[in-house]
**Student:** 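Here you go, one structure.
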Amino acid sequence: MAVSALAGLAAELPDGVVVTDPDILASYRQDRAADPAAGTPLAVVRPTRTEEVQTVLRWASANRIAVVPRGAGTGLSGGATAVDGGIVLSTEKMRDIIVDPVTRTAVVQPGLLNAEVKKAVAEYGLWYPPDPSSYEICSIGGNIATNAGGLCCVKYGVTTDYVLGLQVVLADGTAVRLGGPRLKDVAGLSLTKLFVGSEGTLGVVTEVTLRLLPPQPPACTVVATFNSVEAAAGAVLTITNKIRPSMLEFMDAVAINAVEDKLRMGLDRSAAAMMVAASDSRGPAGGHDAEFMAQVFTEAGATECFSTSDPAEGEAFVAARRFAIPAVEAKGSLLLEDVGVPLPALADLVGGVAKIAADRDVTISVIAHAGDGNTHPLIVFDPADAAMAERAEKAFGEIMDLAVSLGGTITGEHGVGRLKKPWLAGQLGPEAMELTRRIKSALDPAGILNPGAVI
Ligand SMILES: Cc1cc2nc3c(=O)[nH]c(=O)nc-3n(C[C@H](O)[C@H](O)[C@H](O)COP(=O)(O)OP(=O)(O)OC[C@H]3O[C@@H](n4cnc5c(N)ncnc54)[C@H](O)[C@@H]3O)c2cc1C
C-alpha cells in the first residue's frame, strides 16, 4: 500500500526528488549516533522548496507514513535515525541564503551548512556566532532543530539566541511563518522558540531568519595544562565569576593524547587536563582578561601556561580541541555523552564520571565546553566485545543519572533523539512530560513526525 502511495507522491514532485535506490537509502538510515535499531526507509525525499515539503507532509498525513526530517546527518543522539517504512525528508538541496546587512539578518534555507552561513555573511562584514565543533559538516536546519551549541556559546549564547524567525511546515502540510527580522517582538506566544530544539518532532523548518553580529574581534588565547582534572575544573568557576571569556574548553588526558597521536603538535602527553580559554574583549581588555585567566590557572596549580595574542597560534589550539571527538573515535566505537551541570557542580561531575569509568572498567574521555558546564564524556568500547559494550551502555545511563542528581541535564546541546529518550522523564518529571505530550499531539495528532524521537 505504502509503495503504491509513493508512486503518487513521486508524480506530484519534480523528477529526482523521491529516491528509492537501495544503496542510497542505506546511506540515510543513521546519523553519527549509528543507532543499531535504525530501520530502512521506503524512500528518501529531497525537496528544494517549502511547497514541495508541504506536498510531502500532506501526502504523509493522508497515508499515515512516518517522516524523519534530516539535515546533514551529523547528529549524535539518533534524532535522524530512519524508521522502517517511513521516509527520510532530507533538506540538503534547500540551500538559498539572502543576507540583509541593513537589518543585520540573513534568511536561510535549512540545508546550508553552518560554515557556509558564516562564510556568506562574512562577505558583508557580519558574523553568525554559533559554532558547533561540527560547523563544517552540519546544516543550519539541524542546528535549529537541536538548538546546537558550541565553543563561543559561553559568551555569545546558543542557536536559539540567533533565531528571529522561522518558516515551518506542520504535520498536515500547513506552512506557518513565525517571527521575522525584528530584534524585539513579543506578539503572541513564543512559538518560534517552541520549534527551536524540537528535533523534527513538531514540524519541518524550511526557512530561518538569523540575527547577525558585527565581526568578532581577534582573540587572546590561554592554554594551560594540569596534573589533576579537578584543579582545571575548579579554575572555571573562578574565571566565570569575574569575566566573560569567549571560550573556556576542557580536554582530559585521553583526549590530549588522542589529538597528539593525530596532529603531532607537541601537546603535553603527561598532563591530566588541558584548558583552552580565550577572550575577544576589544582593545587592551582582551589582554587583561588573558592575563587574569593565566593567573587563575597558575594559582589553581597549572603545570604549564601559555598565552598568545596571535590569532593563528590561538586557532591551532582551538582546532586541537575541535578535533578531540574524531581523535578519540579512532580508539574505538564511541558512546558520546552530552551531560551538563550548574557550574559549581562541574568538578563533581568530572570526578563522578571517572568513578563510573573505574567501576565499569571502560575508558571514558571527558572533553567539555567547561564554561557552560556542558561536558562530553566519550565512552570508548569495542563493539566486538559484548561484555564491554554492555558495560559501556550501563556507564552511558549512569552518567546521565549522575548529572540529573547534581541538578544537571541529560543533554546540553546534542538533543534527546532516540538514544537519550529513556532518561528524559527522569529529568523533566511527570508534569513536564505530560505537557510535552500534549503539545506534540496538538501539532502532530497522527504522530507522523519523527516517531520514536524525544517523546
Ligand atoms: C565531530 C562532531 C562534533 C560535534 N560538535 C557539536 C558541538 O560542538 N555542538 C553541538 O551542538 N553539536 C555538535 N555535534 C552534533 C551535531 O553536529 C549537531 O547536533 C547538529 O546541529 C546536527 O545538524 P545536522 O544538520 O547534521 O542534523 P541531523 O543530524 O540531520 O538532524 C538532527 C536533528 O534535527 C532534525 N532536523 C534536521 N533538520 C531539520 C529541519 N529542517 N526541520 C526540522 N527538523 C530537522 C532531525 O530530525 C534530527 O532530530 C557534533 C557532531 C560531530 C559529528
**Student:** For Gly39, is there any backbone N or O sitting under 3.5 Å from a side-chain donor or acceptor partner on Arg29?
**Tutor:**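 Yes; judged by distance alone, with no hydrogens or angles, the pair exists.
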**Student:** If you measure only the distance, is there a donor-acceptor pair under 3.5 Å linking the side chains of Glu52 and Thr48?
**Tutor:**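 Side chains of Glu52 and Thr48: pair found under 3.5 Å.
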**Student:** Between the side chain of Arg32 and the main-chain N/O of Leu76, is any donor-acceptor distance below 3.5 Å?
**Tutor:**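 No; zero donor-acceptor contacts below 3.5 Å.
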**Student:** Is Arg244 salt-bridged to Asp289, going by a charged N under 4.0 Å from an acidic O?
**Tutor:**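 Looking at Arg244 and Asp289, the cut-off is not met.
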**Student:** Does the ring centre of Trp127 sit less than 6.0 Å away from the ring centre of Tyr156?
**Tutor:**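 That pair passes the under 6.0 Å test.
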**Student:** I'd like to know if the side chain of Asp35 pairs up with that of Gln30 as donor and acceptor (distance under 3.5 Å, no hydrogens or angles considered).
**Tutor:**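 Side-chain D/A pair, Asp35 to Gln30: absent.
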**Student:** Tell me, which pairs form a salt bridge (Lys or Arg N to Asp or Glu O under 4.0 Å) where one or both residues lie in residues 87-115, sequence neighbours left out?
**Tutor:**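 As it turns out, the salt bridge (Lys or Arg N to Asp or Glu O under 4.0 Å) pairs with a partner in residues 87-115, which skip direct neighbours, are Arg95-Glu116.
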**Student:** May I have all residue pairs that pass salt bridge (Lys or Arg N to Asp or Glu O under 4.0 Å) and include part of residues 444-455, sequence neighbours excluded?
**Tutor:**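 Sorted pair list: Lys440-Asp444.
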**Student:** Is a donor from one side chain sitting under 3.5 angstrom from an acceptor on the other, for Asn450 and Thr201?
**Tutor:**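 Distance-only check fails for Asn450 and Thr201.
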**Student:** Is there a donor-acceptor pair under 3.5 Å between the side chain of Ser139 and the backbone N or O of Gly142?
**Tutor:**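 Yes; at least one donor-acceptor contact below 3.5 Å.
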**Student:** Can you tell me if Glu199 and Thr146 form a side-chain donor-acceptor pair at under 3.5 Å?
**Tutor:**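 The answer is no; no qualifying pair exists.
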**Student:** Checking side-chain polar atoms at under 3.5 Å, does Glu413 have a donor or acceptor matched by the opposite partner on His369?
**Tutor:**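 Distance-only check passes for Glu413 and His369.
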**Student:** Please indicate whether Lys262 has more than 12 foreign heavy atoms, meaning atoms of other residues, nucleotides or ligands, lying under 6.0 Å from its NZ.
**Tutor:**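 Open.
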**Student:** Do Gln427 and Thr409 get their side chains close enough for a donor-acceptor pair, meaning under 3.5 Å?
**Tutor:**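 Side-chain D/A pair, Gln427 to Thr409: present.
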**Student:** Would you call Arg322 and Asp131 a salt bridge, using N to O less than 4.0 angstrom?
**Tutor:**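 Answer for the salt bridge query: yes.
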**Student:** Donor-acceptor check, side chain of Lys420 to backbone of Thr411, threshold 3.5 angstrom: yes or no?
**Tutor:**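 Not at all, since once roles are kept as given, no pair shorter than 3.5 Å links the two residues.
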**Student:** So does Ala187 get a backbone contact from the side chain of Asp185, meaning a donor-acceptor N/O pair under 3.5 Å?
**Tutor:**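 Present.
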**Student:** Are the side chain of Arg418 and the backbone N or O of Gly79 linked by a donor-acceptor pair below 3.5 Å?
**Tutor:**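 Yes; at least one donor-acceptor contact below 3.5 Å.
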**Student:** Tell me whether Thr209 contacts the main-chain N or O of Leu164 through its side chain, where contact means a donor paired with an acceptor under 3.5 Å.
**Tutor:**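 Judged by distance alone, no pair lies under 3.5 Å.
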**Student:** Would you find a donor on one side and an acceptor on the other, under 3.5 Å apart, between the side chain of Asp252 and the backbone of Ile367?
**Tutor:**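 Flag not set: sc Asp252 to bb Ile367 has no pair under 3.5 Å.
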**Student:** If you measure only the distance, is there a donor-acceptor pair under 3.5 Å linking the side chains of Thr159 and Asn143?
**Tutor:**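 No, because no side-chain N or O of Thr159 sits under 3.5 Å from a partner of the opposite role on Asn143.
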**Student:** Between Asp338 (side chain) and His414 (backbone), is there a donor-acceptor pair under 3.5 Å?
**Tutor:**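 Looks like yes, one N/O pair under 3.5 Å.
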**Student:** Is there a donor-acceptor pair under 3.5 Å between the side chain of Thr436 and the backbone N or O of Ala432?
**Tutor:**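 Here the side-chain-to-backbone pair exists.
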**Student:** For Ser61 and Asp172, which I'm curious about, is there any donor-acceptor pair between the side chains at under 3.5 Å?
**Tutor:**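 Short answer, no.
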**Student:** Apply the test side-chain contact (heavy atoms from CB on, under 4.5 Å) to residues Trp59 and Ile87: give CA-CA distance (whole Å), side-chain angles for both, the deciding distance (0.1 Å), then the verdict.
**Tutor:** CA-CA 11 Å; Trp59 168 87; Ile87 62 162; 4.2 Å; yes
**Student:** Around atom CZ of Arg64, are there more than 12 heavy atoms from other residues, nucleotides or ligands closer than 6.0 Å?
**Tutor:**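 Not more than 12 within 6.0 Å, no.
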